[in-house]
Amino acid sequence: MENNRINKRFIKLRAWFLTLLTPAFASTSIAALFVWSHLARIGQTGLFFDSISFSSLFSYLMVFASVSMLLFCIVLFMPSLLTGLFISNYQGESSLRNELTENNIKIVLLTSLLSTLIFFGYFFLIHHAGKEEAQNVSLQLGTIWLCSFVLSLWFNGPITYRQISAAGKWKKIKKILSMHVLQPMLFSLTACIYIFPLELFLRTLEFPDGTNEMWQALSVIALSIFLIIFSLIPGVVFLRLRTRTSLLNQVTVTGGIMAGILFIIFTFVHMVPALILTMFLKTSGIMDLTPHIYGVPTASYPAEYFRDSAWQGVRSSDEKYYLLKAVKIYSLGDIRLICPLNIIQSYKDSLQYQLLDTDYDDSVRGKLQDAVSQCRRVKSQELLTLEKLPQVETKK
C-alpha cells in the first residue's frame with residue numbers, strides 16, 4: 001500500500017517536472033543552437049561556453065530566435081496565408097464549393113506564375129532595348145489583373161452562369177462583379193506580394209563569372225517559380241482541409257507542412273538559415289555592424305594585440321586607451337569580439353550564394369572566418385563605446 005502511494009506521488013512529480021522542463025529545454029535549445037551556429041560560421045566556437053549562461057538563453061534570446069523564425073515565415077508564406085483569406089468559403093452545396101475552391105487555387109497559382117513572367121519579361125525587354133526609362137508598374141499590374149480576369153472567366157464562368165441563370169438583374173450584376181472583378185483583383189494582389197519573399201532570395205543570388213544573361217534570366221525565373229509553388233502549398237492544404245476537419249488539425253497540419261517546406265528550401269538555398277540567423281543576431285544585439293569608436297585599456301592588452309594594419313586606431317591623449325574604429329561581431333555575457341571595419345563587407349559577402357553550389361558557400365564562409373581572425377576578444381566591463389571622437393577644443 002505504501003509503495004503504491006509512493007509510486008503515485010513519483011508519477012505526479014514526474015509529470016509536473018516534465019511539464020516545466022520541456023518548454024524550458026526546448027526554448028533554451030533553440031537559443032543555444034542559434035548562438036552556436038553564429039560562432040560556427042565565424043569560426044569562433046571556443047567562445048560558446050565562456051559567454052553563454054542558462055539565464056541569458058532562457059530570459060530573452062529564445063524570444064528573439066522565435067521571433068526571427070516567425071518573421072521569416074510570415075514574409076515567405078504571406079501570399080499563401082492571403083490566399084486562404086481571399087478565397088471565400090462558399091456556403092452552397094459541397095460539390096460546387098469544392099469545385100470553386102479548386103478552381104480558385106488554380107487561378108491564384110497561374111496568376112502568380114504569370115506575374116513572374118510579366119515582371120521579369122518586361123524588365124529584360126526594356127534592358128535589351130537599351131532604354132533607361134523606369135518600369136511602368138501600372139501597365140504590369142493591369143496586365144496581371146487582366147490575366148487573373150481571363151482565368152476567372154475560363155475556370156469559374158460556367159459556375160457563375162449556373163448560379164445567376166435564375167437570379168434577378170441586380171443579383172446577377174453583384175455576382176459577376178464579385179466573382180470576376182473583385183476576386184481577380186485580390187488574386188492579383190496576392191501575386192504581387194510575392195515580390196517581397198522573392199526579393200529576399202534574389203538580392204544575394206550570385207552567378208559564376210562568364211554566365212550569359214539568358215542563363216541568368218532562366219535561373220531567376222526558375223527559382224521564382226520554385227518558391228511560388230512551394231510557398232503556396234500551405235495555403236492550398238489549409239483550403240482543402242477547411243471543411244473536412246477541425247481548426248486545430250488545420251493549423252497543425254499546415255504548420256507541419258510549412259516546417260517541411262522550410263527544410264526543403266534550406267537544402268537548396270543555403271543562404272536562408274544564415275539570413276534568419278542574421279535577423280536574430282541584429283535584433284538581439286549579439287551582433288552590431290554599425291561602426292563605433294571603442295576604447296580598450298592599454299594596461300590590459302599589449303600593443304601587438306591591435307597592431308594589424310586593418311585596425312584604424314590611435315591612443316588616447318592620456319595613453320590609457322586604444323581608441324579603435326570597429327564593429328562588434330559577437331557580444332554576449334562578459335565577451336565582446338570587436339573587429340576591424342573590413343569585416344562588414346566580408347559578412348555581407350557570406351550571405352551571397354550560387355544555386356546548388358556548396359563549394360561557393362564554403363568559399364565565402366572561409367573568407368569570413370579569415371576576416372574574423374583579425375578580431376579581438378575583450379571583456380565587456382573594460383570596453384568603452386563612443387559614437388564618434390569628441391572634437392578637440394582649440395585655444396583662442
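Side-chain atoms of Gln381 do not come within 3.5 Å of backbone N or O of Asp334 as any donor-acceptor pair. In this structure, the side chain of Asp288 does not engage the main chain of Lys328 through any donor-acceptor pair within 3.5 Å. A donor-acceptor distance shorter than 3.5 angstrom exists from the side chain of Ser188 to the backbone of Pro184, with no hydrogens or angles considered. Side-chain atoms of Ser300 never come within 3.5 Å of backbone atoms of Val296 as a donor-acceptor pair (strictly under, hydrogens ignored). The main-chain N or O of Lys320 is found under 3.5 Å from a side-chain atom of Thr298 such that the two form a donor-acceptor pair. Without hydrogens or angle criteria, Tyr330 side chain to His38 main chain gives no donor-acceptor distance under 3.5 Å. In this structure, Ser316 contributes its side chain and Tyr321 its backbone to a donor-acceptor pair below 3.5 Å. Not one N or O on the side chain of Tyr194 forms a donor-acceptor pair closer than 3.5 Å with the backbone of Ser224. Using modelled atom types, no side-chain atom of Thr204 and backbone atom of Met271 make a donor-acceptor pair closer than 3.5 Å. A distance-only check finds no donor-acceptor pair linking the side chain of Ser152 to the backbone of Ser148 [under 3.5 Å].
By the 4.5 Å heavy-atom criterion applied to side chains, Leu182 and Leu177 are not counted as neighbours. Phe207 is not listed as a side-chain neighbour of Gln354, based on a closest heavy-atom distance of 4.5 Å or more. Looking only at side-chain heavy atoms (C-beta outward), Gln44 and Val372 come within less than 4.5 Å of each other. Ile338 has its side chain out of reach of Val327: every pair of non-hydrogen atoms, C-beta onward, lies at least 4.5 Å apart. In this structure the side chain of Phe201 reaches within 4.5 angstrom of the side chain of Tyr353, judged on heavy atoms. A 4.5 Å side-chain heavy-atom check between Phe196 and Ile74 finds every atom pair outside the cut-off. Counting heavy atoms from C-beta outward, Ser331 and Ile286 have side chains that stay 4.5 Å or more apart. Under the 4.5 Å side-chain criterion, counting only non-hydrogen atoms from C-beta, Leu368 is in contact with Ile343.
If you take CG on Leu189 and CG on Leu141, they are separated by 9.5 Å, rounding to the nearest 0.5 Å. Here the straight-line distance linking atom CG of Leu351 with atom CG of Leu277 works out to 9.0 Å at 0.5 Å rounding. In this structure, CG on Leu232 lies 8.0 Å from CD1 on Ile105, to the nearest 0.5 angstrom. Here Ile144 contributes atom CD1 and Ile118 contributes atom CD1; the two are 5.0 Å apart, rounded to the nearest 0.5 Å.
No path of Ile, Leu, Val, Met, Phe, Trp and Tyr side chains, each step under 4.5 Å between heavy atoms, connects Trp311 with Ile42, placing them in separate hydrophobic clusters. Under the 4.5 Å side-chain heavy-atom criterion for Ile, Leu, Val, Met, Phe, Trp and Tyr, Leu355 and Val364 are members of distinct hydrophobic clusters. Each of Phe263 and Ile233 belongs to its own hydrophobic cluster when Ile, Leu, Val, Met, Phe, Trp and Tyr are linked at side-chain heavy-atom distances under 4.5 angstrom. The hydrophobic clustering, which links ILVMFWY residues whose side-chain heavy atoms are closer than 4.5 Å, places Leu202 and Tyr360 apart. With hydrophobic clusters built from ILVMFWY side chains whose heavy atoms lie under 4.5 angstrom apart, Phe306 does not share a cluster with Leu384.
For an aromatic pair to be called close, the ring centres must be under 6.0 Å apart, and Phe64 with Phe280 fails this.
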Next item on the list: Evaluate side-chain hydrogen bond (donor to acceptor under 3.5 Å, both in side chains) for Gln216 paired with Asn212, printing each intermediate quantity in order.
Entry: CA-CA 6 Å; Gln216 292 183 30; Asn212 62 61; over 6 Å; no

Next item on the list: Kindly indicate, with the supporting measurements, whether the criterion side-chain contact (heavy atoms from CB on, under 4.5 Å) is fulfilled by Tyr322 and Arg376.
Entry: CA-CA 13 Å; Tyr322 302 111; Arg376 296 294 180 259; over 6 Å; no

Notebook entry, point to check: Run the salt bridge (charged side-chain N to carboxylate O under 4.0 Å, His left out) check on Asp370 and Lys367 step by step: do they pass?
Noted result: CA-CA 5 Å; Asp370 288 341; Lys367 292 177 181 177; over 6 Å; no

Notebook entry, point to check: Given Phe155 and Asn104, is the side-chain contact (heavy atoms from CB on, under 4.5 Å) satisfied, shown in steps?
Noted result: CA-CA 8 Å; Phe155 286 105; Asn104 287 331; over 6 Å; no

Next item on the list: Could you please spell out the steps behind the salt bridge (charged side-chain N to carboxylate O under 4.0 Å, His left out) verdict for Glu382 and Lys379?
Entry: CA-CA 6 Å; Glu382 295 177 340; Lys379 294 182 178 180; 5.2 Å; no

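By the neighbour-count criterion of 12 heavy atoms within 6.0 Å, atom CZ of Phe266 is densely surrounded, having more than that number from other residues, nucleotides or ligands.
Heavy-atom minimum distance, Thr111 versus Ile107: OG1-O, 2.6 Å. When all heavy atoms are compared, the tightest approach of Pro158 to Leu153 is CD-O, 4.0 Å. Contact record, His180 with Phe149: O-CD1, 2.8 Å, taken as the closest heavy-atom pair. Here the closest non-hydrogen pair linking Asp361 and Gln352 is OD1-O, 4.3 Å. A pairwise comparison of heavy atoms in Met258 and Pro234 identifies CG-CG, 3.7 Å as the closest pair. The two residues Val181 and Trp145 come nearest to each other via the heavy atoms O-NE1, 3.4 Å.
Ring pair Tyr294/His292 is perpendicular by interplanar angle, where above 60° counts as perpendicular and below 30° as parallel.
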